[in-house]
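Just below is one structure, and these are the notes that go with it.
Naming: A, B, ... by sequence-line order, numbering from 1 per chain. Here the structure is a predicted model, which means the values were calculated and not measured.
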Amino acid sequence: MGYDFQSIEKKWQHTWESEGTFNADADPARKKFYCLEMFPYPSGALHMGHLRNYSIGDMMTRFLWKRGFNVLHPIGFDAFGLPAENAAMKYKTPANKWTWENIEHMTEQLKHMGCSYDWRRRVETCNPDYYKWTQWIFLQFFKKGLAYRKNAPVNWCESCNTVLANEQVINDGHCWRCNTPVVKRNLEQWFLKITDYAQELLDDLDNLPGWPDRVKTMQRNWIGRSEGARLTFTEKSTGEIIETFTTRFDTIYGVTFLALAPEHPFVEKMCALSPKGDEIRAFVQKCVTQSAIERTAVGGEKEGFFTGFSAVNPVTGESVPILIANYILMDYGTGAIMGVPAHDQRDFEFARKYDIPVKVVIQPHDESLDGVTMEHAFEDDGITCNSGAFDGLPTAEAIPAMIEWGVEQGFCSREVNFRLRDWLISRQRYWGAPIPVVYCDCCGIVPVPEDELPVLLPAEVKIVEGGKSPLTEDKEWLSVPCPKCGKPGRREADTMDTFICSSWYFFRYCSAREDSAVFNVDEANYWMAVDQYIGGIEHACLHLIYARFFTKFFADLGLCNAREPFTNLLTQGMVIKDGAKMSKSLGNVVDPDEIINTYGADTARLFILFAAPPANDLDWSERGVEGANRFLNRVWRLVEENIALLSSVRERPSLPMERLSEQRMRDLKRKIHTTIRDVTRDIADEKQFNTAVARLMELLNALSSFRPETDDESALFREGVDVLLACLNPFCPHITEELWSLGGHKETLSKLPWPEVEPSALEMDSVTVVVQFNGKVREKEDFPAGLSKEELQERVFALPSVQKRLEGVEVVRVIVVPDKLVNVVVKG
RNA sequence: GCCGGGGUGGCGGAAUGGUAGACGCAGCGGACUCAAAAUCCGCCGUGGGCGACCACGUGGGGGUUCGAGUCCCCCCCCCGGCACCA
């Protein structure tokens with residue numbers, strides 16, 4: 001029978017809650033630490049991913065309290081979102097009720113894990129007290145001109161019945177939430193101008209040494225900066241200006257066509273002017289109906305159409321044909337490109353298909369290209385040719401020289417383009433924060449005055465089958481007088497992307513009950529930035545970019561000093577079972593409740609932290625869980641079986657190393673203190689929690705076999721048990737608290753300082769020295785620690801086994817590393 | 001294609017350029033037991049040898065070094081991101 005974790009865990013959870021053990025208040029006199037895990041969506045119950053995330057965060061929090069920090073460790077719920085609406089339809093329960101029930105249930109689950117949250121700070125993004133401020137933030141964006149409406153081809157998920165931001169289209173054109181293929185629709189929508197911050201979002205990644213390279217690289221790719229020039233062409237018959245963007249300005253002499261996106265504004269004009277207008281329209285129609293995936297797939301069939309119009313190359317004066325091409329994207333650069341088939345593979349394929357000339361303007365170093373016969377484009381650097389005064393320049397010099405010349409001549413300008421697009425934040429859904437604007441026939445778009453916030457969601461809505469937003473059907477809710485002129489107006493029926501709600505919650509935690517402002521600036525400045533953020537890597541280009549954007553915006557509003565929200569980021573791996581991510585559809589889920597009910601929260605936490613380093617995927621193993629449980633039972637027995645002995649030396653100090661002479665006592669003393677040293681380093685510096693646990697298992701093994709006989713030995717044994725419990729406490733808080741109090745201690749272990757290393761206890765009495773011959777281990781021998789190089793070599797050479805090996809060989813060289821090894825290099 | 005992260009026993013995983021495989025899981029042998037469970041003790045990379053030992057071994061190939069899982073170069077494979085972005 002194992003120990004009675006059920007009653008122990010309940011007991012200590014009550015104690016921590018009733019005593020407010022982990023409540024934290026801003027205190028400028030104390031050094032702070034803000035430890036945060038990504039808050040959960042209240043889907044109904046915690047899953048293993050949550051259990052892992054919160055086990056890591058809780059362990060770190062408890063460790064940091066012990067290390068003397070004032071630790072803010074809050075939790076809340078990312079409570080708006082589509083699943084609530086789907087559940088409403090499925091179970092005929094209002095989204096509101098479903099969500100709040102889930103929040104209460106999951107709160108209980110988090111408490112059963114023994115998590116050390118400051119529960120006074122819990123936030124729920126669907127709470128009007130919270131989304132009032134989400135709306136307020138929107139209004140600040142609006143005031144600054146960073147929230148705007150535009151008509152654009154946008155991503156539409158036919159399953160979620162709403163638009164999506166670019167970041168939310170993943171896996172080659174699929175919805176991030178439901179994996180349905182995304183289609184394009186032309187709609188007028190609200191956007192946030194995240195592109196204004198593109199350069200800073202990119203640059204500041206260099207100031208985040210505490211972030212994994214993987215995540216920074218993903219964000220750099222996503223932001224996608226490219227430097228080049230904007231070049232102006234003139235259409236011959238109309239004089240229309242057509243602008244193109246290029247990163248290879250050095251290839252302008254090789255331009256043999258111009259290609260426009262089907263959506264390019266000049267296309268409409270050409271249709272009107274040209275006798276081929278109907279044909280052009282037909283071609284454009286064909287392109288537009290292609291799916292996003294077809295249009296953007298690498299190696300997809302390039303389709304073009306000669307418009308009959310032509311443009312003049314401003315550099316050469318040559319006339320080149322204008323085509324419309326399906327592979328040109330309207331929302332990147334200018335929506336038009338200069339075609340250089342000799343030096344761009346896409347242009348090359350296109351040119352060969354439509355018999356457009358290929359003009360070589362860069363020669364490689366090792367061969368000579370011929371535009372007529374070449375089989376693919378030459379895209380590498382080389383030597384410029386056929387380019388007038390620039391002939392002979394290597395690419396790296398040609399680009400800046402030619403741009404400079406183009407700028408002087410007035411037909412080009414330097415330009416930087418980003419792949420990052422503005423953030424589409426409208427959602428055609430009910431369960432989200434309403435966008436606080438009113439449409440008025442007289443005044444246009446009118447923001448709701450700040451003192452009228454929040455714009456409340458109607459509590460009861462009719463669920464509309466077919467996925468249409470219920471808000472569009474609620475005539476009473478929609479109709480509202482214009483805040484400006486008072487005439488009848490109409491509310492915005494779209495709600496905000498829930499990623500808006502989660503872009504600022506970590507600020508709200510700093511002063512969660514503040515009702516006069518979005519957050520208290522002083523408290524935010526005390527707590528922010530988050531010192532340690534923990535969550536899944538799937539948010540690399542979603543939440544983690546949005547949150548950085550919001551923080552920079554807040555800083556610009558003067559609301560906070562921090563320009564980056566998260567100083568250190570830990571992205572934990574997935575929980576795997578039978579070789580695949582745990583998921584309902586695969587049927588390989590393990591329910592956290594079941595594990596906690598069977599083995600206890602301490603066992604669950606310990607297994608999760610021991611089974612793999614946090615960034616790795618974690619292979620779930622029932623056997624491994626049993627192993628963790630076995631360890632805790634051994635710890636329990638160690639204390640229980642020695643309880644009288646431990647009490648008898650409660651007040652007897654453990655002797656310092658200098659006073660210990662017996663070898664087994666010296667060894668145990670050293671083990672106790674190297675354990676403190678190593679566990680501290682593993683948690684604080686390496687964030688290798690699995691090895692920290694391994695060290696504690698070793699300490700238990702040492703204590704189990706010690707068997708004290710004298711009072712001094714008992715006192716040493718007690719010291720070892722105390723250290724084991726104190727170091728294990730952040731991992732397994734309940735059992736360690738219980739054993740701590742069973743051992744006669746009065747204080748709450750959770751708030752006691754982390755044990756201190758006694759430096760003298762770390763000193764080694766003897767060391768095992770490895771004797772190598774030509775780099776191969778041949779002998780091992782114990783010597784007193786601290787021998788000089790000379791003495792160690794002398795004593796090694798005196799060993800009979802070494803003497804034997806030295807017979808008949810010539811010693812060429814000897815390398816001696818004190819306390820470590822002697823390598824004898826021999827010949828013959 | 002570009003960028004990032006990886007590749008170590010049967011498995012999860014350890015190793016400031018200095019004993020490869022800590023710790024755990026599984027397995028094997030033993031003790032206790034009428035028996036089982038639980039617990040405790042021992043063994044546990046591969047090949048060879050009765051043995052002391054010897055050879056091989058961290059994806060592959062080179063290199064630096066007295067010494068390389070670790071550093072450098074080339075290559076292979078797996079995972080992730082971006083990709084018709086001009």
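As rounded to whole Å, 16 Å separates atom C1' of B:C84 from atom CE of A:Met338. Note: CD1 (A:Ile324) to P (B:C84) measures 21 Å, nearest angstrom. Between the CG atom of A:Asn629 and the C1' atom of B:U39 there is a distance of 14 Å, given to the nearest Å. Atom CD in A:Glu779 sits about 8 Å away from atom P in B:C54, given to the nearest Å. Atom-to-atom, CG of A:Leu323 to C1' of B:C84 comes out at 16 Å; the value is rounded to the nearest Å.
Glycosidic conformation at B:G9 (O4'-C1'-N9-C4 for purines, O4'-C1'-N1-C2 for pyrimidines): syn, within 90° of 0.
The separation of B:U16 from B:G60, taken at their C1' atoms, amounts to 28 Å, rounded to a whole angstrom. The same atom, C1', is picked in B:U39 and in B:U33; the two are 12 Å apart, to the nearest Å.
Applying the salt bridge (charged side-chain N to carboxylate O under 4.0 Å, His left out) rule to A:Arg220 yields the partners A:Asp206; only residues at least two apart in sequence or on another chain are considered.
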Identify the pairs formed between an N or O of the protein and an N or O of nucleotides 79-82 of chain B at a distance under 3.5 Å, and give each distance.
unit_1 : atom_1 : unit_2   : atom_2 : d
B:G81  : N2     : A:Asn221 : ND2    : 3.3
B:G81  : N3     : A:Asn221 : ND2    : 3.4
B:C82  : O3'    : A:Arg419 : NH1    : 2.9

With the criterion being N/O to N/O and under 3.5 Å, what pairs connect the protein with nucleotides 11-15 of chain B, and how long is each?
unit_1 : atom_1 : unit_2   : atom_2 : d
B:G12  : O2'    : A:Ala611 : O      : 2.5
B:G13  : OP1    : A:Asn616 : ND2    : 3.4
B:G13  : O3'    : A:Asn690 : ND2    : 3.1
B:A14  : OP1    : A:Gln688 : OE1    : 3.1
B:A14  : OP1    : A:Asn690 : ND2    : 3.3
B:A15  : OP1    : A:Gln688 : NE2    : 3.2

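Closest contact between the side chain of A:Phe245 and the listed nucleotides B:A86, B:C66, B:G18 involves B:A86. Comparing B:C84, B:U16, B:C66 by their nearest atom to the side chain of A:Asn326 picks out B:C84. The side chain of A:Arg634 approaches B:C40 more closely than any other nucleotide in the set B:U19, B:C40, B:C54. Here the side chain of A:Asp213 is nearest to one of B:G4, B:G18, B:C23, namely B:G4.
Between A:Thr334 and B:A86 there is no side-chain polar atom (N or O) within less than 4.0 angstrom of OP1 or OP2. The side chain of A:Arg805 places an N or O atom within less than 4.0 Å of a non-bridging phosphate oxygen (OP1 or OP2) of B:C54. Contact between the side-chain N/O atoms of A:Lys776 and the OP1/OP2 oxygens of B:C56 is found at a separation under 4.0 Å. For the pair A:Arg220 and B:C2, the criterion of a side-chain N or O lying under 4.0 Å from OP1 or OP2 is not met. Close to B:A26, at under 4.0 Å from its OP1 or OP2, lies a side-chain N or O of A:Arg630.
Minimum heavy-atom separation, A:Ala198 to A:Leu420: CB-CD2, 4.0 Å. Nearest heavy atom pair, residue A:Phe499 against residue A:Trp176, reads CE1-CZ2, 3.6 Å.
When ring centroids are compared, A:Trp423 and A:Phe191 stay outside the 6.0 Å threshold.
Within a heavy-atom distance below 4.0 Å of RNA chain B, no residue of residues 202-211 of chain A is found.
Residue A:Gly333 is classed as having no contact, given no heavy-atom separation below 4.0 Å to the nucleic acid.
Residues A:Gln803 and A:Glu807 have side chains that never bring a donor and an acceptor to within less than 3.5 angstrom of each other. Counted by atom type alone, A:Lys184 and A:Asn155 present one or more donor-acceptor pairs between their side chains at under 3.5 Å.
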With side-chain hydrogen bond (donor to acceptor under 3.5 Å, both in side chains) as the criterion, how do A:Glu303 and A:Tyr327 come out once you've worked through the C-alpha distance, each side chain's angles and the decisive distance to 0.1 Å?
CA-CA 8 Å; A:Glu303 305 274 354; A:Tyr327 71 98; over 6 Å; no
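The cationic group of A:Arg419 does not satisfy the cation-pi geometry with A:Tyr332, failing either the under 6.0 Å distance to the six-membered ring centre or the 45° limit from the ring axis.
Nearest-nucleotide positions on RNA chain B place A:Arg813 closer to the 5' end than the other of A:Thr246 and A:Arg813. A residue-by-residue look at A:Val215 and A:Arg707 shows that A:Val215 has its nearest nucleotide of RNA chain B further toward the 5' end.
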Read 5' to 3' with Watson-Crick or G-U pairs under 3.5 Å, [ ] for crossing pairs and | for partners on another strand, RNA chain B gives (((((((..(((.....[....))).(((((.......))))).((((....))))..(((((..]....))))))))))))....
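Applying the salt bridge (charged side-chain N to carboxylate O under 4.0 Å, His left out) rule to pairs touching residues 774-785 of chain A yields A:Glu779-A:Arg805, sequence neighbours excluded.
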